[in-house]
Amino acid sequence: MSELQQLHAHTIKLGLSTDTDTMGQIIKFCSASKNGDLEYALKVFDGIPNPDVFLYNILMKGFWRMASRPRDAIVLYLRMLHDAITPNSFTFPCVIRACCVDSAVREGRQVHAQVLKFGFGEDVVSSNNLIHMYVNFLSLEEARRVFDKMPSRSVVSCTTMITGYARSGFVDEALEVFESIPEKSSVLWNSMVAAFVQTGHFHGAFALFERMLDEKVVLDKFIAATVLSACAGSGALGLGKWIHFYIQSNEIELDPKLASAIIDMYCKCGCLEKALEIFNGLPSKGLSAWNSMIGGLAVHGKGDAAVKLFMEMEKEKVAPDHITFLNVLTACAHSGLIEEANNYFEHMMDFYGIKPRIEHFGCMVDLFGRAGMINEAMEIIEGMPMTPDASVLGALLGACRVHGKVELGERIGMEAIDLDPSNSGRYVLLANLYASAGKWQDVAEVRKLMNDREVEKIPGFSAIELDGNISKFVAGDRNHPESELIYAKVDAVLESIRKVGYEPDINEVLHDLSGEDIETPLCYHSEKLAIGFGLLKSKPGETIRIYKNLRICRDCHCAAKLISEVFSREIIMRDRSRFHHFRSGECSCKDSW
DNA sequence: ATAGGGTTAG
């Protein structure tokens, strides 16, 4: 910047201080390069009597890109029109983006009209930015209308559309757009893999990734991060390790996001030690790496370690963000650290000035709910500055179910269901709550409501990976080719733990939280089939890792503890909300989940 | 003439 100022002084001496082209270069440097200075650019701009369209464009770019002042970019555009300067094809991408990041919906639509008025309706870049803007406004129909009207769509148009569909959960529409363009770039491939991941279609993500490798598309750091998140989401450790190895052997740069994706993958696939090893080995730990590691310790029930790591982070002067606190609070919730959570909740607001979001309140509700402090949980909900959403109420409903608060749970459950009628979990929770109180009539009514509304039940499954192959089991499943053997093993295993006191809890069958089919005998729940298969196929002493998409049921939890003791096996099971490490007859969750 | 668009973690 200092060299630039010297140069600027020089140009003034030469009498060029009002020369548009020369000043254009100076403003371009100030408002478009990394170490520029927007204020300086503004001063220079103000000294120019008749700025041309290039000057306006480049300064608008500076406003939204360098200074995050999108509003000023929009104002500058208005001034430009007022000065009767005709916009060109470079003008609109800037203004549209400014409307987009400023969430200026009304202005955005007006700018769209002007794009057409000035004759840039067929400009590819302007159209792509319009699509991006409407996607950001969550107005997929308008985005699609722009997309459909384009005389020639680029691969960028498709990528933007796919990303938009994915964010709103429309994976089929995304796939249709993906297949519609023959020349696929690696960015496009990545956006489609990410679309599968974001919508929870991990299988689709892996299948597309394989197809991508077949077509010899280069596996870059973006795709690596996306596939790692798919591995994290589905517990696919084998593939996750493969990607990690690939990154190392191809010397792909470990940027903060990629490092965080690797750590998160190891955490979510049950390898906490490996995650710590990578975390500790990072030459410089970005905020994202700290966040992932704290979050990992949280879901593994290591609240103390998570809190300690957070303190270390403060010592290293890394500024935490709202995710850091979400993870710290989650850690406290899963370890029953009530006082610490209260302190950090305050600390976040008072010391760091971070306003709690709805997720933070949800976390506090969960914390008190798990600890059976229902009144405190209620107080959190009543004190929230925003309307509680279904997930906050769902957390309280879960607590009511566990602690037998039938009346409150009934009221909260109804509210949560009304707010999000398509979420099957809340119906199941409410039905379980009624069942535990013996209110069978109400159980039947909830079931009927669910049927009438055609709410899709998520089938519970347990998955186990052995030698890189993933086997999936649902309750009472006989589809596995070795199913005879597996069932015999399960029977034998249950017999041997019965000798040390296992008794199937018949009463719990009707109101467990696992979402397994109620008709299936407890002894063939998917968790037990997966454990049986694991014992059958692995060597003595090897750790058994299981992934369950819903929450583990109470009876399976009890059985797993005993199995870990009788068979001297460590069993690491990830369920919907956390990890359970079964070892020597005990579980790391200390029976509160 | 100069300049513009899409992808990844928590």
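Only heavy atoms go into these numbers, but all of them, side chains included; no hydrogens, no water, no symmetry mates. Values in this document were obtained by computation on a predicted structure and should not be read as measured data.
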Handout entry: Under-4.0 Å salt bridge between A/K241 and A/E465
Key = no
Exercise for the section: Could you tell me whether the side-chain ring of A/F90 sits stacked on the base of B/dA3, using a centroid cut-off under 5.5 Å and a plane angle under 30°? Expected result: yes
Handout entry: B/dG6 base / A/S185 side chain donor-acceptor hit below 3.5 Å
Key = yes
Exercise for the section: Report yes if a donor N or O on one partner sits less than 3.5 Å from an acceptor N or O on the other, where the partners are the side chain of A/S292 and the base of B/dG10; otherwise report no. Expected result: no
Handout entry: Separation of atom CD in A/Q25 from atom C1' in B/dT2, rounded to whole Å
Key = 6 Å
Practice task
Would you kindly check whether a donor in the side chain of A/D123 faces an acceptor in the base of B/dG4, or vice versa, at under 3.5 angstrom?
Solution key: yes
Completion exercise
Among the nucleotides B/dT8, B/dG10, B/dG4, whichever has the atom closest to the side chain of A/T226 is B/dT8
Exercise for the section: Compare side-chain N and O positions of A/R65 against OP1 and OP2 of B/dA3 and report whether any pair is under 4.0 Å apart. Expected result: no
Handout entry: Phosphate-side-chain proximity, A/R153 and B/dG6, N/O vs OP1/OP2 below 4.0 Å
Key = no
Handout entry: Check: A/L38 and A/Y40 side chains under 4.5 Å, non-hydrogen atoms
Key = no
Problem - Candidate nucleotides B/dG5, B/dG10, B/dT7, ranked by approach to the side chain of A/S154 - the nearest - result: B/dG5
Problem - Mutual orientation of the aromatic rings belonging to A/Y352 and A/F325 [parallel < 30°, tilted 30-60°, perpendicular > 60°] - result: tilted
Exercise for the section: Would you kindly check whether a donor in the side chain of A/N129 faces an acceptor in the base of B/dG4, or vice versa, at under 3.5 angstrom? Expected result: no
Fill in the blank from the handout: Here the distance between atom C1' of B/dA9 and atom NE2 of A/H244, to the nearest Å, is 15 Å
Handout entry: Below 4.0 Å: OP1/OP2 of B/dG10 and any side-chain N or O of A/K257
Key = no
Exercise for the section: Evaluate the criterion side-chain contact (heavy atoms from CB on, under 4.5 Å) for residue pair A/M150 and A/I131; output intermediate values, then yes/no. Expected result: CA-CA 11 Å; A/M150 292 173 75; A/I131 296 173; 3.9 Å; yes
Handout entry: Check: B/dA9 base within 3.5 Å donor-acceptor of A/D264 side chain
Key = no
Handout entry: Any A/Q198 side-chain N or O less than 4.0 Å from OP1/OP2 of B/dT8
Key = yes
